[in-house]
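Notes follow once the structure below has been shown.
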Protein chains: 2
Amino acid sequence: MSLPHAILTALLEKPSSGLELTRRFDRSIGFFWAATHQQIYRELGKLEQAELIRAIPGPPAQGRRKEYEVLPKGREELAAWVSRSDPPRQLRDPLALRLRAAAVVGLGDVGAEVRRHLEVHAAQLDDYRAMETRQFPPDRHESAEARLQHLVLEAGIEMERFWTDWLRRVDAAVTELAGPSGSDPQSGPDAKSSLDPKSSLDAQSSPDPGRGSDAEAGR
Amino acid sequence: MSLPHAILTALLEKPSSGLELTRRFDRSIGFFWAATHQQIYRELGKLEQAELIRAIPGPPAQGRRKEYEVLPKGREELAAWVSRSDPPRQLRDPLALRLRAAAVVGLGDVGAEVRRHLEVHAAQLDDYRAMETRQFPPDRHESAEARLQHLVLEAGIEMERFWTDWLRRVDAAVTELAGPSGSDPQSGPDAKSSLDPKSSLDAQSSPDPGRGSDAEAGR
DNA sequence: GACACCATGTAATCGGTTACATGATTCG
DNA sequence: CGAATCATGTAACCGATTACATGGTGTC
């Protein structure tokens, strides 16, 4: 249930049409909750029906774009949502899966994929940093609003820094592994040397099923 | 299309029944791609139909659990997938949205939610660290397989470290903001002092629409 | 034989993604 | 006037989540 609230926030910051919203999502809010124009239009419709927002009756822009603004009820809903609670979303990262798969069936071409991701994340990091210097000049003390927005941007920056650092290390590792030993870019799918099923990452807990061991994951 | 390949990886590491797989997902692979038992059974069915895996004909466990193992075709599919490419998944984080919303409608109770997340991430971090010391003892040089698995675990550790660090800073900030000034736990939804729409995070690009400015996001 | 729980599933729903449709405006 | 682009949508699909169903096992 995050998308409608993202839209409410965006509309409170500045009343907009559907397309404007889409653009603004691409540029800032969407960094933490992406949305396509189809989703946005659909959600705008629902929000309007629920009377949380309304189309500004503006006379001239007829047959053209519709501007929406947030109604008091919408602001209340958003304020209530701010105090609500969601369990933290769990991470989903296919690249990590690829690496684990690569540990079993051979490296194949993961290196290329790793470098692709590295480029994307590095570019995003630059982007965020540019935003930061533009919008949050140093040593001038910030308003409450700016402070919060800055913290969110910092999350983006540190996240991307984490990714780029990690991906560089992964790149180094796969290059080294692919290079000297097998050099298997299209590894034949047969038995590998160092394959010891006992050392597999989660095999060690299975000997004693039913104990408290499994519950650790949920603690 | 990640779930089936996660399952193939898990089954190659060790043939298992549906329930065992579910447990192992909770404990290790699922850290990067969570799945419930319903998803897993459904996917096992599909994989079996596609003849990428098969139920081990094992005679004794009749009427009880079914153990699956990967067929050569499944291994090939996984090896091919390793070399495939997905664009990096985009981040989705409701908490970041909440903070941006809080910047507009008041802090409400975000503090509590921030601390809840902090606890969860701190616990996860401890878990990962424990896994690391257990499974990857230092200074013994690792096999290729272990090296890759270790890198994946490191990603988890650094990710959680990032979250805990950031959440602690956020907690400090919202405590400070909520404390001295308004102390508004249930902020009345009316005009705030430092609310300048011009300084809003993405409003600065709208004066000149259609320029190259929007394209920056995609570079 | 009642009860807890182990193990495997089915069905309904929901949010996100992709592909396609339609009218209106701008530009050559 | 025709083509490109802007702006707003509709429809189909797909993976993930939630709730419910069923039968078998082990235990008192």
>> In this structure, how many angstroms lie between the P atom of D:dG15 and the CD1 atom of B:I7, rounded?
In response: 12 Å

>> Using the side-chain heavy atoms of A:K46, tell me which of these nucleotides is nearest: C:dT18, C:dG15, C:dG9.
In response: C:dG15

> Which residue, A:R24, A:E67, A:R23, forms the side-chain hydrogen bond (donor to acceptor under 3.5 Å, both in side chains) with A:S16?
Replying inline: A:R24

>> What is the separation between atom CD on A:Q90 and atom P on D:dT17, rounded to the nearest whole Å?
In response: 6 Å

>> Let's see if you can work this out: which of D:dA16, D:dT8, C:dG15 has an atom nearest to the side-chain heavy atoms of A:S17?
In response: D:dT8

>> Tell me whether B:R129 is salt-bridged to B:E132, with the criterion being a basic N under 4.0 Å from an acidic carboxylate O.
In response: no

> Can you check whether A:R92 has a side-chain N or O nearer than 4.0 Å to OP1 or OP2 of D:dA16?
Replying inline: yes

> Starting at CD of A:E20 and ending at C1' of D:dT8, how long is that distance when rounded to a whole Å?
Replying inline: 14 Å

> Atom CE of B:M1 and atom C1' of D:dC13: how far apart are they, to the nearest Å?
Replying inline: 13 Å

> From the list D:dA7, D:dA16, C:dG15, which nucleotide is the closest neighbour of the side chain of B:Q39?
Replying inline: D:dA16

> Atom CG of A:D26 to atom C1' of D:dC6: distance rounded to whole Å?
Replying inline: 15 Å

> Could you state the CG-P distance from B:L19 to C:dT8, rounded to the nearest angstrom?
Replying inline: 6 Å

> Nearest to the side chain of A:L3 - D:dT8, C:dG9, C:dG16?
Replying inline: C:dG16

>> Are the side chains of A:Q39 and A:T36 in contact, using a 4.5 Å heavy-atom criterion?
In response: yes

> Can you check the A:Y41 OH to C:dC20 C1' distance for me, whole Å?
Replying inline: 16 Å

> Using 4.0 Å as the upper bound for N to carboxylate O, is an ion pair formed by A:E113 and A:R116?
Replying inline: yes

>> Closest-nucleotide mapping onto DNA chain C: is A:Q38 or A:W33 further toward the 5' terminus? I mean the 5' end.
In response: A:W33

> Starting at CD1 of A:I40 and ending at P of D:dA7, how long is that distance when rounded to a whole Å?
Replying inline: 14 Å

> Donor-acceptor pair, A:R98 side chain versus B:R84 backbone, under 3.5 Å?
Replying inline: yes

> Quick one: on DNA chain C, does B:R42 or B:G18 contact a more 5' nucleotide (nearest heavy atom)?
Replying inline: B:G18

